[in-house]
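Input: a single structure, listed below in structure tokens.
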2 protein chains.
Amino acid sequence: MPTETHENPAPETIERVVREGQLDGAIVTCLAACEVEYDGRSGGYLGPGDRLVVAKPDGTLLVHRPSGHQPVNWMPGGATIKVEEDGGSALLYARRSNPNEYLRVYLHEPHLLTRFDADDTATYQERGTEAEMHEYIEQNPETAIEDGFRVVEHERESVYGYIDFFGKDAEGRPVVVEVKRRQATLNNVDQLKRYMGLYRESNPDVRGILVAPSASDRVQRALRDDGLEFVELSEFAVETRESSEKTLSDFL
Amino acid sequence: MPTETHENPAPETIERVVREGQLDGAIVTCLAACEVEYDGRSGGYLGPGDRLVVAKPDGTLLVHRPSGHQPVNWMPGGATIKVEEDGGSALLYARRSNPNEYLRVYLHEPHLLTRFDADDTATYQERGTEAEMHEYIEQNPETAIEDGFRVVEHERESVYGYIDFFGKDAEGRPVVVEVKRRQATLNNVDQLKRYMGLYRESNPDVRGILVAPSASDRVQRALRDDGLEFVELSEFAVETRESSEKTLSDFL
DNA sequence: GGTTACATGTCGCAT
DNA sequence: ATGCGACGTGTAACC
């Protein structure tokens with residue numbers, strides 16, 4: 001049994017289990033009434049309440065409330081986690097530098113402490129990233145962008161940042177392409193405009209294309225107003241994707 | 001005791017505890033060897049391994065590996081969580097629409113199942129947000145920005161969104177101020193440029209200032225290239241903030 | 001370690 | 001519901 005549980009653990013038990021867990025590579029969780037205090041890039045205080053506290057062996061510390069996707073407080077991996085005594089109860093204390101931050105969890109009523117010697121070597125396989133879109137464009141430039149388009153350079157570095165694709169159209173005009181995997185935003189238009197600034201001065205003929213599965217009217221209008229273009233790559237839209245209810249075997 | 005634990009729970013137990021937890025507002029966690037499958041905005045597959053699975057009563061489902069701040073897979077709040085039977089073992093199934101997504105967690109070896117009737121009504125109190133920086137600028141415009149600067153309008157609404165500060169300099173020229181609480185990015189430059197576009201047409205004299213604790217050379221150059229300015233507000237840099245090691249009493 | 005840009009970002013707010 | 005910007009964003013890639 002790779003798990004270990006302690007009901008209503010004493011402060012010394014919490015101290016020992018957390019310390020050993022950090023050393024042995026085990027996940028330690030605590031279901032507890034607690035109070036939380038954070039200071040660093042920002043600062044915050046959370047009054048008493050019941051939460052799930054998770055201490056991972058890489059120094060990650062999470063405090064989860066009964067609702068919400070995100071932890072209300074946390075410390076990213078790399079922090080050092082310790083347990084101190086605070087007036088008869090245990091205090092989880094995580095600290096890191098760069099930036100200098102700390103998180104304190106006062107475990108007023110630790111109901112359940114668990115240790116899990118988790119062994120997890122699998123690598124996560126991901127689909128549908130922007131990288132896949134890039135690959136598709138690189139291998140099907142004419143289908144993806146337009147007839148006669150060819151890629152000259154992928155991920156071109158410039159003074160203003162990285163350009164997704166730099167290419168030429170059928171008539172030899174230079175084309176700057178910015179790719180987004182989600183519906184395009186005004187920020188994305190700005191980003192393309194920023195890159196355009198590099199080329200328009202020396203060559204007013206340069207074209208700029210924003211490639212995305214969709215774009216709002218406002219974005220499409222902003223593009224037109226600046227002489228830029230939008231190419232809809234609907235193959236990568238989420239909505240239109242068949243929700244095929246794959247089963248596990250499809251992934252193997 | 002607001003917690004309940006089940007060692008090596010049977011699929012029916014998992015089904016019951018998760019279902020009841022969702023109804024009663026309890027956090028249910030499971031330490032288990034599992035396999036995970038996700039499809040929606042992106043897609044992914046994670047082979048067998050030991051993880052911490054958390055089901056919150058608001059529909060949040062989290063799968064945490066032994067390291068890393070973020071869950072490897074998740075479903076945000078609002079999803080419906082169910083447990084199905086899959087060849088003798090339990091399958092946690094979360095689904096939501098808009099966007100259409102699902103997450104499946106095949107609990108091959110559920111070591112420990114816990115239920116926590118968490119009662120958490122405290123509100124999180126935050127300090128050090130961008131709002132504080134705005135307050136500082138509003139109350140110390142000349143120290144923060146430059147001699148003779150005065151705020152005409154805070155959070156001015158424009159066609160393109162809200163401008164942090166609209167003001168006048170010592171010579172009466174209009175000034176658009178964009179405030180960032182972290183090191184400025186190229187995106188922030190873009191944003192300021194977008195706002196500037198509104199005013200430059202009618203008044204080419206208008207100045208644009210990006211205020212942030214720091215900015216890279218490239219960002220400063222991008223600003224200069226567009227006739228914009230950078231003001232370093234180092235008072236709000238995290239590094240220089242004294243890490244004063246407050247205690248709990250300081251917050252009360 | 002710094003800079004840059006992506007992310008299943010999530011979250012909150014305003015239309 | 002959708003659009004838009006902030007976030008203690010985290011995270012990887014590149015230098």
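Convention: sequence-line order gives letters A, B, ...; per-chain numbering from 1. The figures that follow rest on heavy atoms only: side chains count, while hydrogens, waters and symmetry mates do not.
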Is A:R41 near enough to D:dG10 that one of its side-chain N or O atoms lies under 4.0 angstrom from OP1 or OP2? yes
With respect to the side chain of B:R181, which nucleotide from D:dG8, C:dG9, C:dT8 is positioned closest? D:dG8
Remember a base hit wins even if backbone is also touched, and classify A:R194 as base, sugar-phosphate or nothing at under 4.0 Å, heavy atoms. sugar-phosphate
Just wondering, more than 12 heavy atoms not from A:R200 lying within 6.0 Å of its CZ? yes
Let me know, please, whether A:L103 or A:S216 comes out on the 5' side of the other along DNA chain D by nearest nucleotide. A:S216
Is the CD atom of B:E201 crowded by more than 12 outside heavy atoms at less than 6.0 Å? no
Using a distance-only test with no angle check, is there a side-chain donor-acceptor pair under 3.5 angstrom linking A:H64 and B:K56? yes
To the nearest Å, how far apart are A:Y162 OH and C:dC6 P? 12 Å
Pick the C1' atom in C:dG9 and in C:dA5, then give their distance to the nearest Å. 13 Å
Between A:N100 and A:S97, do the side chains contain an N or O donor and an N or O acceptor separated by less than 3.5 Å? no
Distance between the C1' atoms of D:dT9 and D:dG5, in whole angstroms? 13 Å
Residues from residues 57-82 of chain A lying under 4.0 Å of DNA chain D - heavy atoms: A:N73, A:W74, A:M75, A:P76
Verify the distance criterion only: is there a donor paired with an acceptor across the side chains of A:E130 and A:H134 at less than 3.5 Å? yes
Please state how far atom CG in B:L210 lies from atom P in D:dA6, giving the value in whole angstrom units. 11 Å
Tell me the interatomic distance from B:Y124, atom OH, to D:dC7, atom C1', rounded to whole angstroms. 12 Å
What integer distance in Å separates B:E101:CD from C:dA7:P? 14 Å
If you find the nucleotide of DNA chain D closest to A:D217 and the one closest to B:K180, which residue's nucleotide is nearer the 5' end? A:D217
Hey, does A:E178 reach any base, or is it just sugar-phosphate, or nothing, if we go heavy atoms under 4.0 Å? sugar-phosphate
For D:dT2 and B:N98 - does any side-chain N or O of the residue sit under 4.0 Å from the phosphate oxygens OP1/OP2? yes
Distance check needed: C:dA5 C1' versus A:R156 CZ, whole Å only. 18 Å
For atom OH of B:Y195 and atom C1' of D:dC4, their distance in whole Å: 9 Å
Please report, rounded to the nearest Å, how far the C1' atom of C:dC6 is from the CD atom of A:Q183. 17 Å
For B:L186, answer base if it contacts any base atom (sugar-phosphate contacts may also be present), sugar-phosphate if it contacts only those atoms, and nothing otherwise; contact means non-hydrogen atoms under 4.0 Å. sugar-phosphate
Side chains of B:Y102 and B:E37, donor plus acceptor under 3.5 Å: yes
For A:T129 and B:R96, find the nucleotide of DNA chain C closest to each by heavy atoms; which residue's nucleotide sits nearer the 5' end? A:T129
Span that lies between the P atom of D:dG8 and that of D:dC4, in whole angstrom: 23 Å
A:Q125 side chain reached by B:L46 side chain, heavy atoms, under 4.5 Å: no
When the C1' atoms of C:dC6 and C:dT10 are considered, how many whole Å apart are they? 15 Å
Atom-pair distance (CG on B:N100; P on C:dT8), nearest Å: 18 Å
Please classify the nucleic acid contact of B:R182 as base, sugar-phosphate, or nothing, using heavy-atom distances under 4.0 Å. base
Classify A:T185 by what it touches in the nucleic acid, base, sugar-phosphate, or nothing, heavy-atom distance under 4.0 Å. nothing
Given the rule in the ring pair (Phe, Tyr, Trp, His ring centres under 6.0 Å) test, do A:F166 and A:H154 qualify, once you have shown the distances and angles that lead to the verdict? CA-CA 6 Å; A:F166 183 78; A:H154 185 200; over 10 Å; no
